[in-house]
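A quick write-up on the structure given underneath.
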Amino acid sequence: MSKVRVRFAPSPTGSLHVGGARTALYNYLYAKKNGGEFVLRIEDTDEARSSQESLRGVVDDLVWLNLLWDEGVEPQTLADMGPCAPYRQSERQKIYKEIAEKLLNEGKAYYCFMTEAEIESQREAAKAEGRPPQINSPHQDLSLAKAQEKLSAGEKAVVRFKTKHLKKDYIFTDHIRGQVTFPSDMVGDFVLLRSDGMPVYNFCCVVDDHLMRISHVLRAEEHLPNTLRQLMIYEAMGWTPPEFAHMSLILDEERQKLSKRKGAVATGHFKNEGYLPEAILNFIALLGWSHPDGKEILTLQEMINGFSLDRLHTSGAVFDRVKLKWMNAQHLRARDNAEIWKLLQPFLAREKMELPMDPVWQEKSVAAFKTSMEVLADGIELYRPLNDKSFVVLPEAEETLAWEPTKAVLVAWRDLVAATGKEYLSEEEFLKIQDEVKVKANAKGKNLFMPIRVAVIGKPHGTELKILVPLIKTSSLVDRANKVIAKLR
RNA sequence: GUUCCCAUCGUCUAGGGGCCUAGGACACCUCCCUUUCACGGAGGAUACAGGGGUUCAAAUCCCCUUGGGAACGCCA
């Protein structure tokens with residue numbers, strides 16, 4: 001058994017989306033589990049849609065996810081890295097051309113001069129008759145010499161693979177689906193090289209998988225029908241095909257293939273919302289795979305240890321954003337407070353909050369808020385009350401302010417806080433003051449707590465006061481109380 | 001239309017002939033904790049698409065039906 005070599009082969013035509021991320025993850029897990037190598041190949045043969053910016057984005061997303069590859073493009077410079085370079089298909093044209101010529105010379109492929117209009121009318125005719133929309137090229141038996149004449153006369157042609165003579169079933173064993181059978185007439189003569197000489201996916205995929213010695217092709221189910229074409233090319237070239245495993249699709253709420261058109265599915269979107277890479281990885285791993293021990297919250301290493309192809313599911317999985325959020329909360333709690341504080345910064349910066357620089361205060365605040373945060377962006381609303389500039393009395397506080405004992409509570413609260421002369425109150429000091437307010441203002445229960453909360457955060461519901469108060473300077477607490485008292489006419 | 005793939009709670013899944021009156025997780029409901037909101041804890045409701053076989057025994061194997069999905073590009 002040769003060495004395990006797998007690849008993730010994105011086309012840089014947009015940002016990495018969660019489906020691609022999962023394909024990358026499974027390939028990565030399989031490689032790591034089996035001591036193999038993980039190759040990143042760039043499928044950028046569609047010049048119109050591919051861009052350097054997209055490549056940059058895809059690479060950055062993979063790095064962010066911590067799915068690092070052994071060969072491909074170097075993450076920083078995007079320069080080639082590894083023995084099978086180049087890894088960008090756009091730079092491998094010579095290779096594809098040579099192989100196409102070999103097939104041409106052996107009569108296994110031919111130049112096809114059909115125009116777009118001719119192709120279109122054949123397709124429509126086929127559709128009208130209920131046949132699969134395959135094309136039947138009038139040039140399939142044109143001699144190579146004749147074709148070359150036309151070419152040198154300036155005519156444009158694609159290179160098509162000849163399928164008519166391959167009358168048999170193609171059978172292969174898929175590691176996830178078992179034996180899969182395709183009749184050869186399922187496909188028509190397909191294009192290998194475009195008229196501008198650029199290769200087409202099914203062709204360069206085979207050439208590169210072979211040349212890069214890929215042992216296992218793990219890809220999404222949408223490629224299952226492509227396997228037939230690819231098998232035909234392997235056969236024509238006399239190459240041994242790799243092992244295949246086609247994994248189920250990720251579906252949207254309508255049970256359709258998850259697509260950019262419906263909601264945000266880009267990895268970068270989740271990053272911006274404050275999802276942790278390990279949570280994304282954990283969540284997508286469980287979309288079509290399960291850990292042998294049934295464990296759900298997993299580290300990357302645990303996923304590697306428990307990974308095997310036979311635990312991959314055959315049917316599609318709906319992407320449940322609610323569960324993803326829950327999972328993110330779980331991973332968030334597993335992080336250090338200091339770490340979370342750091343991660344929170346870009347989010348708090350969006351709101352230009354001015355919060356204390358003291359690391360002790362910072363970690364204390366994270367400890368206080370950790371369990372009420374599902375995504376980092378939740379930190380914005382959590383920290384807002386701690387930021388003096390954004391203290392406002394919200395409309396939802398109206399009812400509390402109208403209560404009869406409220407004024408006495410607020411005044412007692414303000415005076416007792418001011419009297420301490422401390423910079424910050426400890427939890428114990430706060431509780432003591434609270435008891436004193438209770439006596440002084442003769443208020444208890446929500447008549448006591450809600451007015452104080454309004455005087456602290458501007459609304460009657462929120463985080464526990466004993467957690468919040470020690471995070472706010474007493475001078476600020478007094479200011480805030482005064483603002484609320486002023487509203488009482 | 002044609003071909004291929006798929007089918008367990010609303011969702012992700014466990015299960016691979018007897019351990020299944022089907023287990024876990026998210027969500028939902030109830031209660032407890034909490035003088036708020038959350039967190040946490042304890043319970044609850046909810047699924048083997050339908051029909052035929054095979055078998056002493058079927059969620060599990062086979063067939064059909066139905067339903068869903070994907071692919072049929074000079075996209076990948």
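Keep in mind that what you see is a predicted model, and the values were worked out from it rather than measured. Each chain gets a letter, A, B and so on, in the order its sequence line appears, and its residues count up from 1.
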According to a strict under-4.0 Å criterion, is T45(A) in side-chain N/O contact with OP1 or OP2 of A76(B)?
-> yes
P atoms of G17(B) and G1(B), separation to the nearest Å | 37 Å
Report yes if the side chains of F307(A) and H291(A) come closer than 4.5 Å at any heavy-atom pair, otherwise no.
-> no
Integer-rounded Å distance: C26(B) C1' and L287(A) CG | 12 Å
For the side chain of V200(A), starting at C-beta, report the closest nucleotide among C37(B), C74(B), G69(B).
-> C74(B)
Across the strands shown, which category fits K257(A) at heavy-atom distances under 4.0 angstrom: base, sugar-phosphate, nothing?
-> sugar-phosphate
L224(A) side, atom CG; E221(A) side, atom CD - distance, nearest 0.5 Å | 6.5 Å
G69(B) and C12(B): how far apart are their P atoms, nearest whole angstrom?
-> 14 Å
Among G69(B), C72(B), A76(B), which nucleotide sits nearest the side chain of P133(A)?
-> C72(B)
By nearest nucleotide on RNA chain B, pick out whichever of H313(A) and D46(A) is the more 5' one.
-> H313(A)
Identify the heavy atoms of R56(A) and L78(A) that sit nearest to each other, and give their distance.
-> NH1-CG, 3.7 Å
Atom pairs under 3.5 Å, N or O on each side, protein against nucleotides 44-48 of chain B: can you list them with distances?
none

Quickly work out the Y110(A) OH to C74(B) C1' distance and round it to whole Å.
-> 13 Å
With the side chain of P132(A) defined as its heavy atoms from C-beta on, choose the nearest nucleotide among U13(B), C6(B), G1(B).
-> G1(B)
Testing C74(B), G1(B), A76(B) for proximity to the side chain of R123(A), the answer is C74(B)
Determine whether the aromatic ring centres of F8(A) and F38(A) lie less than 6.0 Å apart.
-> no
Taking the side chain of W326(A) as its heavy atoms from C-beta onward, which of A25(B), A76(B), C5(B) lies nearest to it?
-> A25(B)
Please figure out whether D44(A) or S290(A) has its closest RNA chain B nucleotide nearer the 5' end.
-> S290(A)
Inter-nucleotide P distance (C31(B), C37(B)), Å rounded = 13 Å
For K466(A), does the NZ atom have more than 12 heavy-atom neighbours from other residues, nucleotides or ligands under 6.0 Å away?
-> no
Quick one: the side chain of T314(A) and the base of C6(B), do they pair up donor-acceptor inside 3.5 Å?
-> no
Can you tell which of G15(B), A76(B), G40(B) lies closest to the side chain of E43(A)?
-> A76(B)
Looking at side-chain heavy atoms only, is the closest gap between Q230(A) and C205(A) below 4.5 Å?
-> yes
Between C5(B), G40(B), A70(B), which nucleotide gets closest to the side-chain atoms of R177(A)?
-> C5(B)
Donor-acceptor pair (no angle test) under 3.5 Å: K323(A) side chain, A25(B) base = yes
When we call it a touch if two heavy atoms are under 4.0 Å apart, what does L193(A) touch: a base, just sugar-phosphate, or nothing?
-> nothing
K440(A)/E436(A) salt bridge by N-O under 4.0 Å criterion = no
Hey, does the side chain of R255(A) come within less than 4.0 Å of A7(B)'s phosphate (OP1/OP2), counting only N and O?
-> no
Result for salt bridge (Lys or Arg N to Asp or Glu O under 4.0 Å) between D189(A) and one of K162(A), K164(A), K108(A) points to K164(A)
Does the side chain of Q134(A) get closer than 4.0 angstrom to OP1 or OP2 of C72(B) through an N or O atom?
-> no
What's the CZ-P distance between F203(A) and G73(B), to the nearest Å?
-> 19 Å
Can you tell me the distance, in whole Å, between the CD atom of Q230(A) and the P atom of C72(B)?
-> 12 Å
With respect to the phosphate group of C12(B), does any side-chain polar atom (N or O) of R321(A) fall under 4.0 Å of OP1 or OP2?
-> no
Pairwise C1' distance, C19(B) and U60(B) [rounded to whole Å] | 14 Å
Using purine N1 to pyrimidine N3 plus N6-O4 or O6-N4 for Watson-Crick, or N1-O2 and O6-N3 for G-U wobble, both under 3.5 Å, which nucleotide pairs with U3(B)?
-> A70(B)
Spacing of the C1' atoms in C26(B) and A45(B) (rounded, Å) = 15 Å
L298(A) atom CG is separated from A25(B) atom C1', nearest whole Å, by 12 Å
Could you give the CD1-to-P distance, from I250(A) to G69(B), as a whole number of Å?
-> 17 Å
Rounded to whole angstrom, note down the P distance from A38(B) over to A27(B).
-> 13 Å
For the pair made of CD in E221(A) and P in A7(B), what is the distance, rounded to whole Å?
-> 10 Å
Separation between the C1' atoms of A14(B) and A22(B), rounded to whole Å | 10 Å
Among C4(B), U8(B), C26(B), which nucleotide sits nearest the side chain of S315(A)?
-> U8(B)
Can you find a donor-acceptor N/O pair under 3.5 angstrom joining the side chain of N226(A) to the base of A76(B)?
-> yes
Inter-nucleotide P distance (C6(B), G10(B)), Å rounded = 23 Å
Do the rings of F190(A) and F161(A) sit parallel, tilted or perpendicular, given the 30° and 60° boundaries?
-> parallel
Across all strands shown, which nucleotide pairs with C31(B) by Watson-Crick or G-U wobble geometry, both distances under 3.5 Å?
-> G41(B)
With syn defined as a glycosidic angle within 90° of 0 and anti as everything else, classify C9(B).
-> anti
According to the Watson-Crick and G-U wobble definitions, with both distances under 3.5 Å, which nucleotide is paired to C61(B)?
-> G53(B)
Donor + acceptor pair across side chains of T463(A), R453(A) (<3.5 Å) | no
What is the distance, rounded to the nearest whole Å, between atom CD1 of I297(A) and atom C1' of C26(B)?
-> 10 Å
Could you please name the option among A14(B), A76(B), G10(B) that lies closest to any side-chain atom of D320(A)?
-> G10(B)
OP1 or OP2 of A38(B) less than 4.0 angstrom from a side-chain nitrogen or oxygen of R453(A), does that happen here?
-> no
Phosphate OP1/OP2 of G40(B): any T371(A) side-chain N/O under 4.0 Å = no
Below 4.5 Å, heavy atoms only, C-beta onward: do E101(A) and I99(A) meet side chain to side chain?
-> no
If you look at every strand shown and take non-hydrogen atoms under 4.0 Å, does F449(A) touch a base, only sugar-phosphate, or nothing?
-> base
Would one find more than 12 heavy atoms of other residues, nucleotides or ligands at under 6.0 Å from atom CG of D435(A)?
-> yes
Which one is paired to G16(B), where only Watson-Crick or G-U wobble pairs with both distances under 3.5 angstrom count?
-> none
Phosphate contact (G73(B) OP1 or OP2) by R229(A) side-chain N/O below 4.0 Å | no
